[in-house]
Trainee: 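Sending over a structure as structure tokens; questions will come in a sec.
Throughout, protein chains are lettered first and strands after them, A, B, ... in sequence-line order, and every chain is numbered starting at 1.
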Amino acid sequence: MRIQVNGTPRDIDDGCTLATLVPRHQGVACAVNGAVVRDWELVVLREGDAVEVLTAFQGG
Amino acid sequence: MTPVLSLELGEPFDIGHPLWIGTGGMTSLATMASVIEAASPGLVTVSMRRAGDLGPSGLLAMLRDQGVRLLPNTAGCLSAREAVLTARLAREALDTSLVKLEVIGDERSLLPDVVGLLSAAAELVADGFTVLPYTTADPVVAARLADLGCAAVMPLGSPIGSGQGITDPAAIERVRAAVAIPVVLDAGIGTASDAALAMELGCDAVLAATAITRAEQPVAMARSLRLAVEAGRLAYGAGRIPRQTTARASSPLAGRAVL
């Protein structure tokens with residue numbers, strides 16, 4: 001099953017949750033298909049999902 | 001001492017030291033760490049970007065080590081929708097409801113889209129954020145943002161990264177007069193005198209990023225800006241003499257010798 005992670009295609013297993021895809025770290029946040037996700041364990045990823053994983057970078 | 005302002009909406013917002021520092025344009029983590037150590041800023045801004053290895057950035061680890069308060073921004077967002085989503089992601093990642101709200105009108109001028117800004121500010125205030133909007137130096141817009149429940153307004157002195165200083169000081173004074181919430185001069189600072197002027201005009205804090213990060217000696221510039229905001233605040237409180245078009249003798253005229 002293919003999804004997009006930060007704009008890059010990635011193949012994952014069926015039933016893969018967001019928590020499995022992204023080892024949870026403080027200082028990181030995720031959006032799936034444009035919506036902020038709070039509980040990563042509850043989100044089972046689906047074919048074509050667009051996952052964005054963000055952290056703090058330099059910026060004014 | 002640092003004023004703690006209780007607001008009707010949002011969490012109590014502590015300005016901290018009136019020098020705020022942006023990490024934009026930094027050349028190395030080590031230099032940025034030295035800058036923060038030297039300047040002890042009230043807040044430090046960061047942007048939210050894709051995590052290369054899906055984990056937290058080295059910058060974030062350094063800032064956490066330094067124990068500074070973070071102010072995430074929504075830099076680069078060209079719509080209210082993007083800015084609101086970015087603010088929500090920042091809150092999740094950084095565990096803060098503070099946000100420096102930027103809705104950029106176009107990527108060339110980097111000037112605020114105030115229509116989008118007002119819309120995004122309303123949504124974020126309703127969602128419990130402490131909203132600090134980057135805005136044009138327009139007293140009407142500033143008053144609207146204050147009415148919406150923003151915790152401060154951040155008018156620009158001149159375009160982002162331009163180093164032109166405050167090109168229209170009277171506009172900053174008009175913003176100051178228009179709102180009771182803190183005014184934080186954002187964008188355009190080039191050197192210490194610009195920061196001092198902002199405070200002399202009645203601003204409560206100054207945010208500087210590229211003025212420091214792209215200076216030849218970032219640590220020295222950070223120190224100078226810290227002193228400048230402190231000097232400017234003292235001068236503002238001291239009450240400057242009015243400007244006059246003619247001279248006014250400071251030595252007494254009485255008692256002069258006849259020569």
Trainee: If we define contacts as heavy-atom pairs under 4.5 Å, which of Gly22(B), Gly76(B), Ala51(B), Gly25(B) has the most with chain A?
Mentor: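 So the answer, after comparing Gly22(B), Gly76(B), Ala51(B), Gly25(B), is Ala51(B).
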Trainee: Heavy-atom cut-off 4.5 Å, strictly under: side chain, backbone, both or neither for Arg91(B) against chain A?
Mentor: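 Only the side chain of Arg91(B) comes within 4.5 Å of chain A.
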Trainee: Using non-hydrogen atoms and a 4.5 Å limit, figure out which bit of Leu54(B) sits close to chain A: side chain, backbone, both or neither.
Mentor: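 Looking at Leu54(B), backbone and side chain both touch chain A.
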Trainee: Go through Ser34(B) and Thr31(B) one step at a time and tell me if the side-chain hydrogen bond (donor to acceptor under 3.5 Å, both in side chains) criterion holds.
Mentor: CA-CA 5 Å; Ser34(B) 301; Thr31(B) 304; over 6 Å; no
Trainee: How far does CG of Leu19(B) sit from CZ of Arg223(B), to the nearest 0.5 angstrom?
Mentor: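 Here the interatomic distance stands at 13.0 Å.
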Trainee: Only one of Thr74(B), Thr45(B), Asp186(B), Asn73(B) forms a side chain to side chain donor-acceptor pair (under 3.5 Å) with Lys100(B), so which one is it?
Mentor: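 So the option named by the test is Asp186(B).
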Trainee: Side chain, backbone, both or neither: which part of Leu207(B) has an atom under 4.5 Å from a heavy atom of chain A?
Mentor: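 Side chain only.
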Trainee: Quick check on the interface: out of Asn6(A), Thr8(A), Val36(A), Leu21(A), who has the most heavy-atom pairs with chain B under 4.5 Å?
Mentor: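 Top count of heavy-atom pairs under 4.5 Å with chain B: Asn6(A).
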Trainee: Under a 3.5 Å threshold, yes or no: a donor from one side chain and an acceptor from the other, between Thr191(B) and Asp194(B)?
Mentor: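 Side-chain D/A pair, Thr191(B) to Asp194(B): absent.
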Trainee: Thr17(A) vs Thr20(A), test: side-chain hydrogen bond (donor to acceptor under 3.5 Å, both in side chains). Steps then yes/no.
Mentor: CA-CA 5 Å; Thr17(A) 65; Thr20(A) 311; 2.9 Å; yes
Trainee: Contact part of Leu89(B) toward chain A, heavy-atom cut-off under 4.5 Å: side chain, backbone, both or neither?
Mentor: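 For Leu89(B), backbone and side chain are both near chain A.
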Trainee: Go through the atoms of Val5(A) and report whether side chain, backbone, both or neither lie under 4.5 Å from a heavy atom of chain B.
Mentor: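 For Val5(A), the side chain is the part near chain B, not the backbone.
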Trainee: Keeping Arg10(A) on the side-chain end and Ile3(A) on the backbone end, is there a donor-acceptor pair under 3.5 Å?
Mentor: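 No; judged by distance alone, with no hydrogens or angles, the pair does not exist.
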Trainee: When rounded to the nearest 0.5 angstrom, what distance separates CG in Leu70(B) from CG in Leu43(B)?
Mentor: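 Answer rounded to 0.5 Å: 8.5 Å.
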Trainee: Could you have a look at Gly34(A), Ala29(A), Ala35(A) and say which one has the most heavy-atom pairs with chain B under 4.5 angstrom?
Mentor: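 That would be Ala29(A).
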Trainee: With a 4.5 angstrom heavy-atom cut-off, could you sort out which part of Ala209(B) is near chain A: side chain, backbone, both or neither?
Mentor: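 When you check distances to chain A, only side chain atoms of Ala209(B) fall under 4.5 Å.
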